[in-house]
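Computed over heavy atoms, backbone and side chain alike; hydrogens, waters and symmetry mates excluded.
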Amino acid sequence: MSRVGNPDYLTEEYQDRAPEFQELQNPAGELYLRFYVASGREFAISAAGIREVISPSPERITPVPNTSPILLGILNFRGQPVWVADLGHFLDNSAPLSTDRSEIPVIVIEDHEAMVGLAVDRVVGTNWLELDKAQMVSTVQDNIAPFLKGEWSVDEESSRTLGLLDQVTILRSARWAT
């Protein structure tokens, strides 16, 4: 029998605080990383598919000639070469991410053996979100729709939404060949 959850195990000093020790609960939903792309649109990716979030200097990303315009180049990630793509440009063909800065936030995602770095404008942080409360908004652009699992309304007054991206669909996309 576990003594940690047993109030008889707590000393007198902690008996008065026993409920706060016993009522620890898991947050609802799943953990997501929130971030912005260069166009100003906010997205989230499940933390379960993220290998790491790094902020290399642009000089650490080596450009590769004759590749897709969505690719910024290759990054040495823990001794392994990883392609780095401008996620905003990949999703909606918006203006490219500015690399004229000291660091570029890169979200390294993986699925099985496939791994890619997604360069974003800025990382906001993490939140627990419930996927079953996400809805698909009818105003989603056709080129983004295949990569969205759903959207959450962030601010109803301004119609601002948080798009939930499917990292596996991004990794397996035919867009990498264009």
Side-chain angles (χ1 to χ4, degrees), residues 27-58 60-61 67-75 77 82-112 114-178:
E30 190 176 332
L31 188 61
Y32 290 89
L33 179 71
R34 292 174 66 168
F35 55 88
Y36 286 91
V37 293
S39 68
R41 182 104 194 263
E42 187 176 11
F43 291 100
I45 289 182
S46 171
I50 296 174
R51 174 84 178 261
E52 194 168 330
V53 178
I54 57 177
S55 294
S57 67
R60 288 193 48 215
I61 301 171
T67 59
S68 169
I70 61 175
L71 294 171
L72 298 178
I74 295 178
L75 173 70
F77 176 71
V82 172
W83 286 100
V84 177
D86 176 348
L87 181 60
H89 197 64
F90 174 85
L91 291 173
D92 60 17
N93 235 359
S94 63
L97 179 71
S98 171
T99 57
D100 187 22
R101 54 207 291 183
S102 61
E103 295 179 333
I104 298 174
V106 175
I107 304 164
V108 180
I109 59 172
E110 69 177 340
D111 181 54
H112 301 287
M115 189 168 26
V116 70
L118 304 174
V120 298
D121 188 52
R122 68 184 163 104
V123 173
V124 177
T126 57
N127 286 98
W128 292 91
L129 302 170
E130 296 179 62
L131 183 57
D132 59 345
K133 292 186 179 176
Q135 299 176 351
M136 202 46 108
V137 178
S138 60
T139 58
V140 173
Q141 297 169 330
D142 289 342
N143 51 344
I144 296 176
F147 307 107
L148 281 179
K149 288 183 178 180
E151 291 185 308
W152 284 273
S153 176
V154 175
D155 181 13
E156 291 186 24
E157 285 183 22
S158 67
S159 302
R160 214 172 55 125
T161 59
L162 171 66
L164 169 63
L165 295 174
D166 181 351
Q167 64 262 28
V168 175
T169 305
I170 291 171
L171 277 168
R172 307 285 180 217
S173 173
R175 254 185 224 179
W176 296 114
T178 62

Would you indicate whether the side-chain heavy atoms of Leu129 and Leu164 approach each other to under 4.5 Å? no

Indicate the atoms forming the closest heavy-atom contact of Asp92 with Ser39, along with that distance. OD2-OG, 3.7 Å

Phe77 CZ to Glu52 CD distance, which is reported to the nearest 0.5 Å: 4.0 Å

Could you report the tightest heavy-atom contact between Pro58 and Thr99, atom names first, then the distance? CG-O, 3.2 Å

Just verifying a value: how many Å separate Leu165 CG and Phe147 CZ, rounded to the nearest 0.5 Å? 9.0 Å

If you measure from CG on Leu162 to CZ on Arg41, what distance do you get to the nearest 0.5 Å? 9.0 Å

So CG of Leu75 and CD1 of Ile54: to nearest 0.5 Å the spacing works out to 4.5 Å

Of the non-hydrogen atoms in Leu97 and Ala119, which two are nearest, and what is the gap between them? CD2-CB, 3.7 Å

Given side chains that start at C-beta, do those of Tyr32 and Thr126 come closer than 4.5 Å, heavy atoms only? no

Does the pair Arg172/Asp111 count as a salt bridge with the N-to-O cut at 4.0 Å? yes

Side chains of Phe43 and Val120: does their closest heavy-atom pair fall under 4.5 Å? no

Would you say that Val108 contacts Met115 through its side chain, given a criterion of any heavy-atom pair below 4.5 Å between the two side chains? yes

For the pair Arg101 (side chain) and Asp121 (backbone), establish whether a donor and an acceptor sit closer than 3.5 Å, ignoring hydrogens and angles. yes

CD1/Ile170 to CZ/Phe90 distance, rounded to the nearest 0.5 angstrom? 6.0 Å

Looking only at heavy atoms, which two atoms of Asn143 and Leu91 are closest? And how far apart? ND2-O, 3.4 Å

Spatial distance of atom CZ (Arg51) from atom CD1 (Ile109) [nearest 0.5 Å]: 12.5 Å

List the atom of Ala48, the atom of Glu30, and the distance in Å for their closest heavy-atom pair. CB-OE2, 4.3 Å

Side chains of Trp83 and Thr67: does their closest heavy-atom pair fall under 4.5 Å? yes

Non-hydrogen atoms of Pro105 and Val123 that approach each other most closely: CB-CG2, 3.9 Å

